[in-house]
Amino acid sequence: MMANKINLGDSRTRSPVSIFIVAGLCCFFYLLGAWQRSGFGKGDSIAVEMTKSGADCNILPNLNFETHHNGEAVSISGSKKVFKPCLPRYTDYTPCQDQRHAMTFPRENMIYRERHCVPQEKKLNCLIPAPKGYVTPFLWPKSRDYVPFANAPYKSLTVEKAIQNWIQYEGNVFRFPGGGTQFPQGADAYIDQLASVIPIENGTVRTALDTGCGVASWGAYLWKRNVIAMSFAPRDSHEAQVQFALERGVPAVIGVLGTIKMPYPSRAFDMAHCSRCLIPWGANDGMYMKEVDRVLRPGGYWVLSGPPINWKNYYKAWQRPKEELEEEQRKIEEIARLLCWQKISEKGEIAIWQKSKNADSCHGTQDDSQANFCKATDADDVWYKKMEACITPYSKGNNDEFSGGELKVFPERLYAVPPRIASGSVPGISTEKYLEDNEKWKKHVNAYKKVNKIIDSGRYRNIMDMNAGLGGFAANLESTKLWVMNVVPTIAKKNTLGVIYERGLIGIYHDWCEAFSTYPRTYDLIHAYGVFSLYKGKCDFEDILLEMDRILRPEGAVIFRDEVDVLVKVKRIVGGMRWNTKLIDHEDGPLVPEKILVAVKQYWVITEDNSTSSQ
């Protein structure tokens, strides 16, 4: 497009006439960009809304958040390096879950499916290409049910799971009927069964964990009930199941219950779920159930559906020996009693347990010599830490009905003072500082909305906050149109991920010196507050930026907020990454050393002859 051929120049040297022309061009491209490359009319409603409201192009006249950009590399003054595209075979590359690399590790306890990142000298140092024909996903909620075939061109699940209603191939799209191995009649009907026992509808249950999620239909259909699920599954023979989930607009990561603790804090989830997830719950002294217990809130619920539940009635249909199934269920029941989980329902193939609310209701069982309690003092210290077959003790030092403190129903809990803050469990963060942080992020997010007027329009569904702090960015964006993956870096000065979950938000621990556990092109918008100041001297800025490029969709946006000297360096690097950028002042004015760098990734795809195309 001609936008990349026009030199807008420095505003200080423009005549009044040229400024007028630039502003006109800005509005033209801003509106034109709404008719985005999707092939399915995705941008139509956005274009209509922008036309009605009138596009305000006075803020970033040379940065377009919606247009289908040209694929040529854009050079920025001072850029020293232009990054080349990776080879086509790396289109769906996941550096810490690479299939070939994984096969060099032991298979016992799923070790080979855990994170195994390539060493520094084997990092690609190139731009992961989008596949030929890649298009912008549908808007939610249409994206829940349809995914463009070109974005994840893998048909194996349509054959393997054909009778289970997981996924169907229809022309140039995949359709997701909402079924699953355990709920071929649809996730809605299945969730209705759960809701007859679990208080899903009233905001008591807000955060959920889906272990072995498949294409995440359970999480997808919980969304309309105001429940947000963190889903995970390994990168295995079920090719692209997590990729499908994220293309649908459902929170998910690549992960497995193996030998390493899950990257979530203790007392994080109101509900955990396994539907034929093939996890051996009774193995290794119940280690996996004990790990679920660690991340499950006091009073929370665990749902297990499928084998071995009610094995007497189903062992023939499952085509498994009844003795084997009987022993499996016996072990699960035994471990559940040891954890003080009370079975509150068993109907058909679904069993539901509820975790005790506090330690007082559990003394009789856990005083038994079989109860092996974890010795570690910090139940949230989990990054690359070995899972143990021990029970995480309930929180001490309070007399609450719920150990660790009772939560408000959602959405009240979003701005209520989290129990971890009220109890002083996060050093240096008082109630007053928490409230101040909320006000700060309200101001910041309002400033972002002036810069990018479509930030909460539905254009950006999958959003990541790379350094989430107390979750203020996500809380001020909260909407049914989007969700935020709140990342707390493992080197952050304060461990705040538990606070984020207590607000009814979701997130994960991660070290940005390594690749994130996701497929390429899975986030629409990335927010990076203080990330590069935090990692200065820890790892190469190039590596972090290349990882951001890997996980960002074509035409996705990035908002950096950091010290000006850091952002100048970042701007120089991304000048060779096919991103368009604009550095702007802090909302409080030019004298504040913290600045904002806004970027948009250009649209480009790989072609059959290994060249790139913007078409």
Side-chain angles (χ1 to χ4, degrees), residues 263 265 383 421 426-430 433-449 451-452 455 463-477 484-500 503 505 507-516 523 525-549 551-552 556-574 579 581-599:
W383 186 246
I421 299 294
V426 183
I429 305 292
S430 63
K433 286 190 176 180
Y434 169 76
L435 296 174
E436 288 172 7
D437 188 76
N438 279 340
E439 288 303 309
K440 178 182 79 172
W441 281 104
K442 182 178 179 180
K443 183 173 74 171
H444 287 344
V445 170
N446 283 338
Y448 295 156
K449 289 178 181 179
V451 172
N452 183 346
I455 195 169
I463 298 177
M464 174 180 284
D465 192 357
M466 294 177 67
N467 185 19
L470 298 170
F473 171 76
N476 282 281
L477 274 182
V484 179
M485 180 68 75
N486 292 281
V487 180
V488 172
T490 56
I491 65 168
K493 293 179 181 178
K494 299 185 191 308
N495 184 349
T496 54
L497 192 54
V499 171
I500 288 168
R503 300 186 74 168
L505 304 168
I508 195 168
Y509 293 113
H510 183 66
D511 181 358
W512 286 112
C513 291
E514 299 180 1
F516 194 72
Y523 286 88
L525 174 68
I526 298 176
H527 179 243
Y529 169 57
V531 171
F532 291 87
S533 287
L534 180 65
Y535 277 92
K536 189 187 293 184
K538 305 289 193 307
C539 50
D540 198 316
F541 282 14
E542 277 190 13
D543 289 342
I544 300 175
L545 288 164
L546 285 170
E547 175 61 7
M548 292 172 69
D549 182 80
I551 68 179
L552 184 65
V558 181
I559 301 172
F560 301 89
R561 180 182 285 268
D562 218 314
E563 298 298 308
V564 63
D565 59 327
V566 172
L567 291 184
V568 167
K569 182 177 180 181
V570 168
K571 191 177 194 301
R572 187 180 304 122
I573 295 170
V574 301
W579 290 15
T581 62
K582 182 70 175 179
L583 187 63
I584 59 178
D585 285 326
H586 189 281
E587 56 265 26
D588 289 340
L591 298 181
V592 181
E594 182 179 280
K595 305 293 180 185
I596 300 168
L597 178 66
V598 186

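Hydrogens, waters and symmetry mates play no part in the numbers below; they use all other heavy atoms, side chains included.
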May I ask you to establish whether Lys569 and Phe532 are in a cation-pi arrangement, using a distance under 6.0 Å from NZ or CZ to the six-membered ring centre and at most 45° from the ring axis? no
Test item: side-chain donor near acceptor, [X] and [Y], under 3.5 Å:
| X | Y | value |
| --- | --- | --- |
| His444 | Tyr529 | no |
| Arg503 | Asn438 | yes |
| Trp579 | Asp549 | yes |

Quick test of your reading of the model: are Lys595 and Asp562 salt-bridged, counting only N-O distances below 4.0 Å? no
Hey, what do you get for [atom1] ([X]) to [atom2] ([Y]), rounding to the nearest 0.5 Å?
| X | Y | atom1 | atom2 | result |
| --- | --- | --- | --- | --- |
| Asn467 | Leu534 | CG | CG | 5.5 Å |
| Ile429 | Lys494 | CD1 | NZ | 5.0 Å |
| Asp437 | Lys442 | CG | NZ | 14.0 Å |
| Arg561 | Leu567 | CZ | CG | 10.0 Å |
| Ser430 | Leu435 | OG | CG | 8.5 Å |

Could you walk me through whether Glu587 and Ile596 pass the side-chain contact (heavy atoms from CB on, under 4.5 Å) check? CA-CA 9 Å; Glu587 56 265 26; Ile596 300 168; 3.8 Å; yes
Compare all side-chain heavy atoms of [X] with those of [Y] and state whether any distance is below 4.5 angstrom.
| X | Y | answer |
| --- | --- | --- |
| Met464 | Leu525 | no |
| Asp588 | Lys443 | yes |
| Ile559 | Ile455 | yes |
| Leu545 | Met548 | yes |
| Phe516 | Met466 | no |
| Leu477 | Tyr448 | no |
| Val570 | Ile573 | no |
| Trp441 | Leu470 | no |

Give me the atom names and distance for the closest heavy-atom approach of [X] to [Y].
| X | Y | result |
| --- | --- | --- |
| Ala557 | Asn452 | CB-ND2, 4.4 Å |
| Gly471 | Leu505 | O-CD1, 3.8 Å |
| Cys539 | Ile544 | SG-CD1, 3.9 Å |
| Asn486 | Ala474 | OD1-CB, 3.4 Å |
| Phe541 | Lys536 | CE1-CA, 3.9 Å |
| Val488 | Ala492 | CG1-CB, 4.3 Å |

Quick one: does Tyr535's side chain have a donor or acceptor within less than 3.5 Å of a partner on Trp512's backbone? yes
Please check: side-chain N/O of Asp465 versus main-chain N/O of Val484, any donor-acceptor pairing under 3.5 Å? no
With a cut-off of 6.0 Å (strictly less than), are more than 12 heavy atoms of other residues, nucleotides or ligands near NZ of Lys433? no
